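For reference, the structure is listed below as C-alpha cells.
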Amino acid sequence: MATERRKGERVTFERGITAHMMGIDGTWRRDCTMEDISETGAKLTVEGSVEGLHLKEFFLLLSSTGLAYRRCELAWVNGDQMGVNFLKPADKKKKAARRPNPATADV
C-alpha cells in the first residue's frame with residue numbers, strides 16, 4: 001500500500017478538468033488534464049512530450065484567459081502523469097529572507 005505524503009485533503013475529478021501548463025517565461029505551453037487537486041498540489045495528465053521543457057517552475061493555467069492560475073514546481077513524473085506542488089508568493093519571500101544580504105552584512 002502506498003504511503004500518502006499529501007498534506008491537504010485531495011479532491012478527485014471524475015472526468016478531469018482541462019488546463020494548460022505554461023513556462024514561466026512564456027516560451028512553451030502544453031495542454032493537460034487536472035485529475036485531482038489539494039491545497040498544496042495537483043496530479044496532471046499531460047498531452048504531448050514534456051522532454052526538454054523547464055519544469056522546475058511553471059504556471060498551471062486554470063482558465064482560457066489565464067486569469068486563474070497557480071505557480072507550480074514539479075514533484076514527480078510517471079509516464080504521462082505528473083504531480084505538482086503549488087508555490088505561494090510567501091514561500092519565495094521566506095527563502096529570500098533566509099539568505100544574508102551582502103550589502104547589509106556587518107563589516
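Everything numeric here is computed off the predicted structure, so don't read it as measured data. Atoms considered below: every heavy atom in the structure, side chains included; atoms not considered: hydrogens, waters and symmetry mates. Nothing fancy with the numbering, it's 1 onward along the sequence.
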TODO: Taking the side chain as every heavy atom from C-beta outward, state whether Met82 and Lys43 have any pair of such atoms under 4.5 Å apart.
DONE: no

Task: Closest approach of Leu60 to Cys32 (non-hydrogen atoms, all atoms of both residues) - done: CD1-SG, 3.8 Å

TODO: Would you please name every residue forming a side chain to side chain donor-acceptor pair (under 3.5 Å) with Gln81, sequence neighbours left out?
DONE: Thr45

Open item on the list: Closer than 3.5 angstrom, by distance alone: can the side chain of Thr33 be matched with the main-chain N or O of Glu35 as a donor-acceptor pair?
Closed with: no

Open item on the list: Would you compute the distance between atom CG of Asp36 and atom OG1 of Thr12 and round it to the nearest 0.5 angstrom?
Closed with: 4.5 Å

Task: N-O pairing of Glu47 and Arg30 below 4.0 Å - done: no

TODO: Taking the side chain as every heavy atom from C-beta outward, state whether Val50 and Trp28 have any atom pair closer than 4.5 Å.
DONE: no

TODO: Please round to the nearest 0.5 Å and tell me the distance separating atom CG of Leu87 and atom SG of Cys72.
DONE: 7.0 Å

Open item on the list: Minimum heavy-atom separation for Ile37 and Phe13, please, with both atom names.
Closed with: CG2-CZ, 3.7 Å

Task: Smallest separation among heavy atoms of Leu44 and Val84, with atom names - done: CD1-CG1, 4.0 Å

Give the table of side-chain donor-acceptor pairs shorter than 3.5 Å for residues 62-69, with sequence neighbours excluded, one pair per line with atom names and distance.
{"residue": "Ser63", "atom": "OG", "partner": "Thr65", "partner atom": "OG1", "Å": "3.3"}
{"residue": "Ser63", "atom": "OG", "partner": "Gly66", "partner atom": "N", "Å": "3.2"}
{"residue": "Ser63", "atom": "OG", "partner": "Leu67", "partner atom": "N", "Å": "3.2"}
{"residue": "Ser63", "atom": "OG", "partner": "Ala68", "partner atom": "N", "Å": "3.2"}
{"residue": "Thr65", "atom": "OG1", "partner": "Leu67", "partner atom": "N", "Å": "3.4"}

May I have the list of side-chain donor-acceptor pairs in residues 14-26 shorter than 3.5 Å, sequence neighbours left out?
{"residue": "His20", "atom": "ND1", "partner": "Asp31", "partner atom": "OD1", "Å": "2.8"}
{"residue": "Asp25", "atom": "OD1", "partner": "Thr27", "partner atom": "N", "Å": "3.1"}
{"residue": "Asp25", "atom": "OD1", "partner": "Thr27", "partner atom": "OG1", "Å": "2.8"}
{"residue": "Asp25", "atom": "OD2", "partner": "Thr27", "partner atom": "OG1", "Å": "3.4"}

TODO: Would you check if Phe86 and Thr40 make a side-chain contact, meaning some heavy-atom pair closer than 4.5 Å?
DONE: no

